[in-house]
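Presented below is the structure to which this report refers.
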Amino acid sequence: DFTPTPADKFTFGLWTVGNTGRDPFGEATRPALKAPYLVERLAALGAYGVNLHDNDLVPIDATAAQRDAIVREFQQALSDHGLVVPMATTNLFSDPAFKDGAFTSADARVRAYALSKTMHAMDLGAELGADTYVLWGGREGTEVDAGGKLLDALGWFRDSLNYLAEYSESQGYGYRFALEPKPNEPRADIFLPTVGSALGFIATLDRPDLFGLNPEFAHETMAGLSFPHAVAQAIDAGKLFHIDLNDQKMGRFDQDLRFGAENPKGAFFLVKLLEESGYAGPKHFDAHALRTEDEAGVWAFARGCMRTYLILRDKVQRFAQDPEIQAAIAAYRVHDTELEALTGTFTPANAGALKAHAFDRAALGTRGPGLEALDQLTMELLLGVR
Ligand code: GCO
Ligand code: MN
Ligand code: MN
Ligand code: MN
């Protein structure tokens, strides 16, 4: 009946269900809810875990004693309600100190503060049991390129990531770091804007094995790209370390809509990819209730994200078991034993035979692959009439 359980591994950020509805034009529309209360409510809905930025839990100006008391109370709530903290991250975007970047600030003092703050936040995450550390460079970017830091910024970013990986290893934290690309907002142009950019950058790090991706549905969509395609590339590279699920209209401001709310067909192919690839990590909903909503709307939002995922997971199973759909797919994917033997492995003999082969180019160009019929079958399955 599409009721989530912890085995489904659904997670939310404290900042998602805790979002108060503030936007650049208007004040909060909902009161802030305390972290232990969010834990209690998420557990009651069937979530698996909760993720956090350092300052979602501990105010940036808390004393050591205040920090310890807050962390103790939070840990108590986690153990009372059976929730885990699989992922932690750093707020390197709210404080004005980071207004022109954190690891890529042109000010060496800001870069040093960003490293220091992140190491403290890694300590916090490790204390809470997190094994994934997300790095979203929200302020790592520019509006103005006249400062001439484009190449320096990439170097500073790389040095910082190398430093943090060494810190994690030296402390025995064993974190896997997940870079979260986003093309813009809050900066005009954010560095490493897409999944592909982040994959390329990881290959230049000292410990590429420790770094992977935290792709987000809305972020690739804002860049005008297909999220399933981006996620497939991350999976292919063995780099899907975490995932942020939400929804978004293309060409708009960062909307953080309920999962599946805008593009259910894209969400279906994403769920299909995750389920069939054997992705075993948490499914994290990085979204929030509409600004119009009260607290009841927040829980309707959270329940809706999880239900939509489970409904789509059921559709994925129906798709796999639908004889007409599977026959259409089998017809679409043409096999040729003789040619596949020649293309499978390069040998001079295979290459020679392939070059000598007479292809019926006209027949290749006239074949109808049946995609219209297959897509309509998919739509009818999604629309609930199959
Ligand atoms: C955004 C981002 C953030 C990050 C979060 C965790 O668009 O604001 O998606 O929500 O995911 O900071 O690093
Ligand atoms: Mn986002
Ligand atoms: Mn956002
Ligand atoms: Mn995100």
Side-chain angles (χ1 to χ4, degrees), residues 10-26 28-30 49-56 85-94 98 102 121 125 130 132-141 176-195 197-198 211-225 227 230-231 234 239-263 266-267 270 274 281-291 293 298 301-302 305 309:
F10 292 132
T11 61
F12 289 83
L14 284 180
W15 71 96
T16 65
V17 283
N19 181 284
T20 58
R22 186 175 289 109
D23 77 9
F25 301 93
T29 60
R30 298 183 282 267
V50 64
N51 303 319
L52 53 107
H53 303 87
D54 48 357
N55 305 135
D56 296 341
V85 176
M87 176 275 256
T89 183
T90 327
N91 186 326
L92 294 174
F93 44 89
S94 294
F98 302 119
T132 301
Y133 204 83
V134 163
L135 296 154
W136 173 61
R139 298 278 174 200
E140 315 290 8
R176 298 208 308 164
F177 295 89
L179 304 186
E180 182 179 340
K182 188 177 184 182
N184 56 270
E185 202 175 333
R187 302 310 296 269
D189 289 290
I190 296 180
F191 301 132
L192 308 181
T194 64
V195 165
S197 323
F211 289 82
L213 266 290
N214 179 36
E216 177 169 317
F217 206 119
H219 296 178
E220 299 300 303
T221 305
M222 288 169 72
L225 299 172
F227 191 57
V231 170
K239 292 298 190 187
L240 188 65
F241 284 13
H242 197 262
I243 193 159
D244 276 6
L245 301 178
N246 54 10
D247 214 341
Q248 171 77 33
K249 282 188 206 281
M250 199 182 284
R252 301 289 170 93
F253 64 95
D254 178 10
Q255 294 179 298
D256 286 329
L257 301 170
R258 192 178 73 257
F259 178 61
E262 178 60 29
N263 178 2
L270 189 265
L274 292 181
K283 274 91 67 175
H284 176 234
F285 297 105
D286 188 12
H288 50 79
L290 299 169
R291 185 168 186 268
E293 301 307 291
V298 171
F301 149 82
C305 286
Y309 189 99

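Counting starts at 1 for both ligands and their atoms, following the listed order. Residues: numbered from 1 along the sequence shown.
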What one should report as the nearest heavy-atom pair of Thr29 and Gly21 is OG1-CA, 3.9 Å
If you draw the axis of the six-membered ring of Phe98, does the NZ or CZ of Arg139 fall within 45° of it and under 6.0 Å from the ring centre?
-> no
Which N/O/S atom belongs to Asp254 and is the closest one to the Mn ion (ligand 3)?
-> OD2
Glu216 N/O/S atom closer than 2.8 Å to the Mn ion (ligand 2) | yes
Give the atom name of whichever N/O/S atom in Asp244 sits closest to the Mn ion (ligand 4).
-> OD2
Residues Asp286 and Asn246: side-chain donor-acceptor under 3.5 angstrom | no
Mind checking whether the Mn ion (ligand 3) has an N, O or S of Glu185 under 2.8 Å?
-> no
Assign the ring pair Phe285 / Phe259 to parallel, tilted or perpendicular, where the plane angle (0 to 90°) is split at 30° and 60°.
-> tilted
The Mn ion (ligand 3) - closest N/O/S atom in Asp256 = OD2
Using the ring of each side chain (for Trp, its six-membered ring), is Phe12 parallel, tilted or perpendicular to Phe301, with breaks at 30° and 60°?
-> perpendicular
Considering only N, O or S atoms of Glu180, the one closest to the Mn ion (ligand 4) = OE2
Which residue, Asn51, Leu135, Asp56, Val134, forms the side-chain contact (heavy atoms from CB on, under 4.5 Å) with Thr89?
-> Val134
Write the atom name of the N, O or S atom in Asp286 that is nearest the Mn ion (ligand 4).
-> OD2
